2 protein chains.
Amino acid sequence: MTVIFSKKCEYGMQAVLYLAAREKGTLVSADEISKVLKIPREFVSKILQSLRESGLISSSKGKSGGFSLAKSASRIKLIDVVAAIDGLDMFDSCVLGFQECSPTHPCPVHNTWGSLRTQTYDMLTSETIDKLKEKTLHKISSL
Amino acid sequence: MTVIFSKKCEYGMQAVLYLAAREKGTLVSADEISKVLKIPREFVSKILQSLRESGLISSSKGKSGGFSLAKSASRIKLIDVVAAIDGLDMFDSCVLGFQECSPTHPCPVHNTWGSLRTQTYDMLTSETIDKLKEKTLHKISSL
DNA sequence: ATTTAATCAGACATTTTTATCTGATTTTAT
DNA sequence: ATAAAATCAGATAAAAATGTCTGATTAAAT
């Protein structure tokens, strides 16, 4: 199967966007996120825990507890989620899997892929979560 | 882990490029491919078998048998290998993992990713294996 | 003919990813 | 105080990807 990001990472990005789409300061439960985004409850729960450990989101325990962004949505980017979950290795590796792929020993698509990789990186860094979330609201409102 | 193509697919592309780099008509053993490309022997053997079933390469059994391209390198593209091994799903799926991601219900990076996906597709279709192999020769000669 | 070196087929094993379970702890609301 | 609803931690399970093994078959070389 061909994939860009792991399921964990996809779900993590969706969850962070969802948290941003909710009022600032509001606590959102793993259960709600699970239902809205259709992610297995215990699985998204684990992902949220790891994002908390990474410092991207924060949580409070107990009844009416839940999760919220750890900082302003204007200071979080998708790349932060990718870095926290999948890591940034893909932005430094050969698309054909050659181990020594470098400017002096490039693979046949080295330059093309280099450009695409950079553009992908830009996609994840150019806009912050608060801008991106606007474009996600229609998905969320259709609960 | 973040990945574009599966290991199978990466190895498959490398193997096809290697076959193209060898003289036309020459039979290359799985053992040689394994050693040169540093891919586990039995694993690459399976990949070669599946590429044969897909019709991209052909094989002959018995002593001094081996593999060769099933047709001219000028008629094979990397996308053919991807299609045979990983399939083309990635060129029709949401990078954030949203199930219903469409022009009418786009994810926040829908258009950007759409463009990148197209460019990636182009990278795999614009040149044939015989052109690409030239750029791989330096890797192979350093055995 | 026999040996040798290769593919082939299918089962098996390991590792990683994805997902679930169990129970403990925390906090709010009654 | 007690019940309810949430996170948390760690073990477990299931599925998919990656890798290995065994033996059969084939065909060239001796």
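If you're wondering where the values come from, they're calculated on a predicted model, not measured in any experiment. Numbers restart at 1 for each chain; the letters A, B, ... are given by sequence-line order, proteins then strands. Reckoned from all heavy atoms, side chains included, excluding hydrogens, waters and symmetry mates.
Look at NZ on B:Lys46: it is 14 Å from P on D:dT22, rounded to the nearest Å. In this structure, CG of A:Leu48 is placed 14 Å from P of D:dA6, rounded to the nearest angstrom. B:Lys7 has its NZ atom 13 Å from the P atom of D:dT20, to the nearest Å. The CD atom of A:Glu32 sits 15 Å away from the P atom of D:dA5 (whole-angstrom rounding). Atom CD in B:Glu53 sits roughly 15 Å away from atom P in C:dT7 (whole-Å rounding). Regarding B:Phe67, its CZ atom lies at a distance of 13 Å from the C1' atom of D:dT26, rounded to whole Å. Taking atom CZ on B:Phe43 and atom P on C:dA13, their separation rounds to 18 Å, with Å as the unit. Nucleotide C:dC8 holds its C1' atom 15 Å from the CG atom of B:Leu51, rounded to whole Å.
Residue B:Ser59 places at least one side-chain N or O closer than 4.0 Å to OP1 or OP2 of C:dC8. A close approach under 4.0 Å does occur between a side-chain nitrogen or oxygen of B:Arg52 and OP1 or OP2 of C:dA9.
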Side chains of residues 59-68 of chain A: which donor-acceptor pairs under 3.5 Å do they make with residues two or more places apart or in other chains?
none

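Atom CD in B:Glu42 sits 11.5 Å away from atom CD1 in B:Ile47 (nearest 0.5 Å). Note that the OG1 atom of A:Thr125 and the CG atom of A:Leu78 stand 9.5 Å from one another [nearest 0.5 Å].
Heavy-atom nearest nucleotides on DNA chain C were determined for B:Ser64 and for A:Phe5, and the one closer to the 5' end corresponds to B:Ser64.
Of the candidate nucleotides D:dC21, C:dC21, C:dA29, C:dA29 has the atom nearest to the side chain of A:Lys63. Out of D:dT22, C:dT7, C:dT20, the shortest distance to the side chain of A:Glu42 is found at C:dT20. Comparing atom distances between the A:Lys61 side chain and each of D:dT18, C:dT7, D:dC8 picks out D:dC8 as nearest.
A side-chain donor-acceptor contact under 3.5 Å links A:Gln119 and A:Ser115.
At the heavy-atom level, B:Ser45 lies nowhere under 4.0 Å from the strands shown.
Among residue pairs with one or both ends in residues 48-57 of chain A, none qualify as side chain to side chain donor-acceptor pair (under 3.5 Å); sequence neighbours excluded.
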